[in-house]
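These numbers come from the heavy atoms of this one structure, side chains and all, not from hydrogens, waters or symmetry mates. Throughout, numbering of the chain's residues begins at 1 and tracks the sequence.
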Amino acid sequence: MSQDREAPRYTGVRTFAGLPHVSLAKLGGAQGALRAAIVGVPFDTATSWRSGARFAPEAVRSASAMLRPWHAAHGVEVLGAGAVVDAGDIAITPGNAERSAGQIERGLAPLCAAGTIPLVHGGDHSIALGELRAHASVHGPIALVLFDAHADTWEDYYGERLFHGTVLRRAIEEELIDAGHSIVAGLRGGLYSCEDLAEARALGLELVGIEQLRTAQPGAFAARVSERTAGRAAFLGFDIDVVDPSAAPGTGTPEVGGLLAAEALALVRALAGTRFVGFDVVEVCPPYDSRGQITALLAASIAYEMLALAALAGQH
């Protein structure tokens with residue numbers, strides 16, 4: 001299926017992949033007809049190293065101008081007319097992670113209740129708490145599938161209990177995710193203590209190190225995810241730092257030895273069949289990206305693969 005263009009893709013007001021812009025406030029009763037909505041959350045003051053992820057929604061939208069509607073590998077229309085919109089950004093409060101989590105929850109809750117899948121562009125990973133609150137209010141504790149270099153299960157960071165490195169512990173404590181049916185993949189790098197990963201496992205999470213992830217075939221990993229989530233409503237999170245800095249230098253806490261871009265895309269693409277009710281791509285940090293904005297381009301492409309999963313699910 002072709003799409004005619006009356007002007008080059010770099011013209012016009014920039015939305016994700018040229019989608020129509022309909023603000024969250026104006027979606028109203030139209031939500032039920034929507035398959036998915038792109039939502040930006042430009043919050044980054046719960047990061048521990050390099051800030052700048054507040055600029056990611058803008059950068060990813062810019063990079064997404066290259067995306068086209070037809071997904072050749074899956075054979076599905078990803079950006080079908082009337083099925084997906086760009087809902088703009090949620091108003092957050094810089095410097096106040098808990099208040100921002102509440103703003104995120106309130107902004108996304110109507111989408112979740114209407115059955116529209118939010119695809120959120122962060123922002124640092126702390127924003128996931130507000131997202132998961134919104135989803136859990138509809139589905140109860142959900143299964144989490146997360147690609148991340150870090151487990152993000154510390155008790156606190158610099159005395160702060162809600163930080164990008166503590167968000168999964170807070171979500172488990174609030175019973176937003178079902179840890180016994182959740183998996184975190186791509187872990188690597190040094191730790192503060194030998195107890196760090198043991199504590200994450202004690203919370204109930206299944207952990208997959210980067211060596212396991214890179215040597216597994218995408219189909220085998222997808223089967224592992226399917227078994228772990230066991231048909232439950234699931235949330236797919238992608239922290240861009242799971243990717244090696246050679247392919248994604250623009251991130252707040254880079255760790256060498258990560259996935260290559262093609263590996264990351266293949267792993268997400270293989271997850272067709274898992275019932276995802278929400279997605280996010282977090283920790284893109286444009287001030288540290290390359291001149292060619294390869295991190296933002298990869299983040300846009302990961303989001304495109306997520307929208308393809310939603311389109312495939314809508315066919316069944």
Quiz question: by atom type and distance under 3.5 Å, do the side chains of [X] and [Y] form a donor-acceptor pair?
X: His150; Y: Glu255; answer: yes
X: Asp241; Y: Thr253; answer: no
X: Arg228; Y: His181; answer: no
X: Glu77; Y: His71; answer: no
X: Gln103; Y: Thr93; answer: yes

Heavy-atom donor-acceptor pair, [X] side chain to [Y] backbone, under 3.5 Å:
X: Gln293; Y: Arg291; result: yes
X: Arg269; Y: Glu305; result: no
X: Glu174; Y: Ala171; result: no
X: Thr166; Y: Thr153; result: no
X: Tyr304; Y: Ser64; result: no
X: Asp289; Y: Pro249; result: no
X: Asn96; Y: Arg99; result: yes
X: Thr47; Y: Asp44; result: no

Grouping I, L, V, M, F, W and Y whenever their side-chain heavy atoms are under 4.5 Å apart, do [X] and [Y] come out in a common cluster?
X: Leu297; Y: Tyr10; answer: no
X: Ile294; Y: Val242; answer: no
X: Val60; Y: Leu265; answer: yes
X: Val138; Y: Leu129; answer: no

Would a 4.5 Å heavy-atom cut-off, applied to side chains only, mark [X] and [Y] as touching?
X: Leu309; Y: Leu271; value: yes
X: Phe221; Y: Leu213; value: yes
X: Ile183; Y: Leu205; value: no
X: Ser51; Y: Cys285; value: no

*asked:* Quick one, Val13 with His21, criterion side-chain contact (heavy atoms from CB on, under 4.5 Å). Give me CA distance, side-chain angles, the key distance, then yes/no.
replied: CA-CA 9 Å; Val13 177; His21 173 232; over 6 Å; no
*Quick one: do Thr251 and Val243 satisfy side-chain contact (heavy atoms from CB on, under 4.5 Å)? Show the steps, please.*
CA-CA 10 Å; Thr251 189; Val243 179; over 6 Å; no
*With Glu58, which residues qualify under salt bridge (Lys or Arg N to Asp or Glu O under 4.0 Å), at least two apart?*
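Counting only residues at least two positions away or on another chain, Glu58 forms no salt bridge (Lys or Arg N to Asp or Glu O under 4.0 Å).
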Ion pair check, [X] and [Y], cut-off under 4.0 Å:
X: Glu211; Y: Arg188; result: no
X: Arg133; Y: Glu98; result: yes
X: Glu227; Y: Arg224; result: no

_With His139 via side-chain hydrogen bond (donor to acceptor under 3.5 Å, both in side chains) - residues at least two apart_ = none
_Residues which pass side-chain hydrogen bond (donor to acceptor under 3.5 Å, both in side chains) with His164, listed by chain and number, not counting sequence neighbours_ =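 Applying side-chain hydrogen bond (donor to acceptor under 3.5 Å, both in side chains) to His164 gives Ser48, Glu283.
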*Check the pair Phe276, Met306 against side-chain contact (heavy atoms from CB on, under 4.5 Å), reporting the backbone distance first and the verdict last.*
CA-CA 9 Å; Phe276 292 112; Met306 292 172 168; over 6 Å; no
Which pair of heavy atoms, one from [X] and one from [Y], lies closest together, and at what distance?
X: Thr229; Y: Ala143; answer: CG2-CB, 3.8 Å
X: Val76; Y: Ala311; answer: CG2-CB, 3.6 Å
X: Ala65; Y: Arg9; answer: O-CD, 3.1 Å
X: Leu203; Y: Ala179; answer: O-CB, 3.2 Å
X: Ala299; Y: Val284; answer: CB-CG2, 3.7 Å
X: Phe43; Y: Ser126; answer: CE2-OG, 3.5 Å

*Given Leu307, which of Ile117, Val78, Leu312 fulfils the side chain to side chain contact (heavy atoms under 4.5 Å, CB included) condition?*
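Among the candidates, only Val78 passes.
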*Checking side chain to side chain contact (heavy atoms under 4.5 Å, CB included) against Val120, which of Val281, Ile38, Ile104, Val41 comes through?*
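The side chain to side chain contact (heavy atoms under 4.5 Å, CB included) with Val120 is passed solely by Val41 among Val281, Ile38, Ile104, Val41.
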*Check the pair Tyr288, Phe55 against ring-ring contact (aromatic ring centres under 6.0 Å, His included), reporting the backbone distance first and the verdict last.*
CA-CA 11 Å; Tyr288 293 90; Phe55 303 115; over 10 Å; no
_Quick test of your reading: applying ring-ring contact (aromatic ring centres under 6.0 Å, His included), list the pairs with at least one residue in residues 239-269, sequence neighbours left out, ordered by first then second residue._
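Checked against ring-ring contact (aromatic ring centres under 6.0 Å, His included) - neighbours excluded - no pair reaches residues 239-269.
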*Please list, chain by chain and in numerical order, all residues satisfying side chain to side chain contact (heavy atoms under 4.5 Å, CB included) with Arg275, sequence neighbours excluded.*
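So Arg275 forms a side chain to side chain contact (heavy atoms under 4.5 Å, CB included) with Ala233, Val277.
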Run the side-chain donor-acceptor check on residues 83-90: report pairs under 3.5 Å with partners two or more places apart or on a different chain.
unit_1 : atom_1 : unit_2 : atom_2 : d
Asp86  : OD1    : Arg61  : NE     : 3.4
Asp86  : OD1    : Arg61  : NH2    : 3.0
Asp86  : OD1    : Gly88  : N      : 2.9
Asp86  : OD2    : Phe16  : N      : 2.8
Asp86  : OD2    : Arg61  : NE     : 2.8
Asp89  : OD1    : Arg61  : NH1    : 2.9
Asp89  : OD1    : Arg61  : NH2    : 3.2

_Does Phe147 form a side-chain contact (heavy atoms from CB on, under 4.5 Å) with Leu236? I'd like the steps, not just the answer._
CA-CA 8 Å; Phe147 291 98; Leu236 177 57; 3.9 Å; yes
